[in-house]
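This report refers to the structure that appears directly beneath it.
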Amino acid sequence: PNWYLPIVDCVLNNLRKIAYDSDKETKATMGMIMPTAGGKNQREAYDLIRAFLNLCNQKEKAVGARSKKMGTLFIVNHLFKLAIRINLLRGTALFIRSVDNPHFP
């Protein structure tokens, strides 16, 4: 039931890395110094992963409760990494509350 978890983790990891490299390359070609906060592509990757998390949480029926919980934790982990990189720490409180929720998948 949880055969797709490594695939989801790999796709989300690649999305994060590509967004970071893309922003880094954009800043280099424009002759700007890379700021501490992330650029446009990292913000879009954050929004995509957050939408994916919402989609996974909306799904009522899961093949296995453990599978859904592990998948959700993988997604939250990638969101934390991106939120810290783009200096969007106010968004992390929502993820912490959702994981601490007794009705967490």
Side-chain angles (χ1 to χ4, degrees):
N2 59 357
W3 61 268
Y4 62 89
L5 291 179
I7 296 169
V8 169
D9 188 43
C10 182
V11 167
L12 295 179
N13 193 29
N14 287 339
L15 177 64
R16 274 190 318 104
K17 288 181 180 179
I18 289 170
Y20 175 72
D21 290 341
S22 165
D23 283 339
K24 188 175 175 183
E25 186 67 29
T26 301
K27 299 291 182 189
T29 50
M30 296 179 94
M32 302 163 77
I33 299 173
M34 185 74 172
T36 55
K40 178 182 175 223
N41 295 320
Q42 291 180 70
R43 178 61 192 212
E44 288 177 0
Y46 176 83
D47 291 338
L48 280 172
I49 296 173
R50 193 176 60 197
F52 187 67
L53 175 67
N54 290 338
L55 179 71
C56 290
N57 285 338
Q58 287 175 357
K59 187 173 179 175
E60 292 292 325
K61 211 162 197 151
V63 176
R66 178 176 164 80
S67 167
K68 185 174 180 182
K69 186 172 190 169
M70 290 302 296
T72 305
L73 288 174
F74 277 141
I75 297 168
V76 167
N77 183 32
H78 287 290
L79 282 169
F80 271 120
K81 289 178 182 178
L82 265 173
I84 290 169
R85 175 146 307 168
I86 63 176
N87 201 15
L88 191 66
L89 298 179
R90 69 179 186 275
T92 59
L94 178 65
F95 306 132
I96 293 170
R97 280 194 305 258
S98 69
V99 170
D100 284 342
N101 188 357
H103 302 291
F104 183 71

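We use all heavy atoms of the structure for the numbers below, so side chains are in, but hydrogens, waters and symmetry mates are not. Numbering starts at 1 and runs along the sequence shown.
Neither Ile49 nor Leu94 shares a network with the other; the hydrophobic side chains, linked directly or stepwise wherever heavy atoms of I, L, V, M, F, W or Y lie under 4.5 Å apart, form separate groups for each. No chain of hydrophobic side-chain contacts below 4.5 Å, direct or via other Ile, Leu, Val, Met, Phe, Trp or Tyr residues, connects Ile75 to Ile18.
Atom CG of Leu48 is separated from atom CG of Leu53 by 12.5 Å, given to the nearest 0.5 angstrom. Once rounded to the nearest 0.5 Å, the distance linking CG of Asp23 with CD of Glu25 reads 11.0 Å. Taking CG of Leu12 as the reference point, atom NZ of Lys81 lies at 10.5 Å (rounded to 0.5 Å).
Each of Lys24, Lys17, Arg16 was scored for a side chain to side chain contact (heavy atoms under 4.5 Å, CB included) with Tyr20, with one residue passing: Lys24.
Shown here are the salt bridge (Lys or Arg N to Asp or Glu O under 4.0 Å) partners of Glu44, two or more places apart in sequence or in another chain: Lys40.
For residues 48-58, every residue pair satisfying the salt bridge (Lys or Arg N to Asp or Glu O under 4.0 Å) rule, not counting sequence neighbours, is listed here: Asp47-Arg50.
Of all non-hydrogen atoms in Ala45 and Leu15, the two that sit nearest each other are CB-CG, 4.0 Å. Considering every non-hydrogen atom in both Thr92 and Ala83, the closest pair reads CG2-CB, 3.7 Å. Between Leu79 and Tyr46, the shortest heavy-atom contact is CD2-O, 3.6 Å. In this structure, Ile86 and Gln42 approach most closely via the heavy-atom pair CG2-CB, 3.5 Å.
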**Request:** Apply the test side-chain contact (heavy atoms from CB on, under 4.5 Å) to residues Phe95 and Asp100: give CA-CA distance (whole Å), side-chain angles for both, the deciding distance (0.1 Å), then the verdict.
**Result:** CA-CA 9 Å; Phe95 306 132; Asp100 284 342; over 6 Å; no

**Request:** Output, in order, the C-alpha distance, side-chain angles, deciding distance and verdict of side-chain contact (heavy atoms from CB on, under 4.5 Å) for Phe52 and Val8.
**Result:** CA-CA 10 Å; Phe52 187 67; Val8 169; 3.9 Å; yes

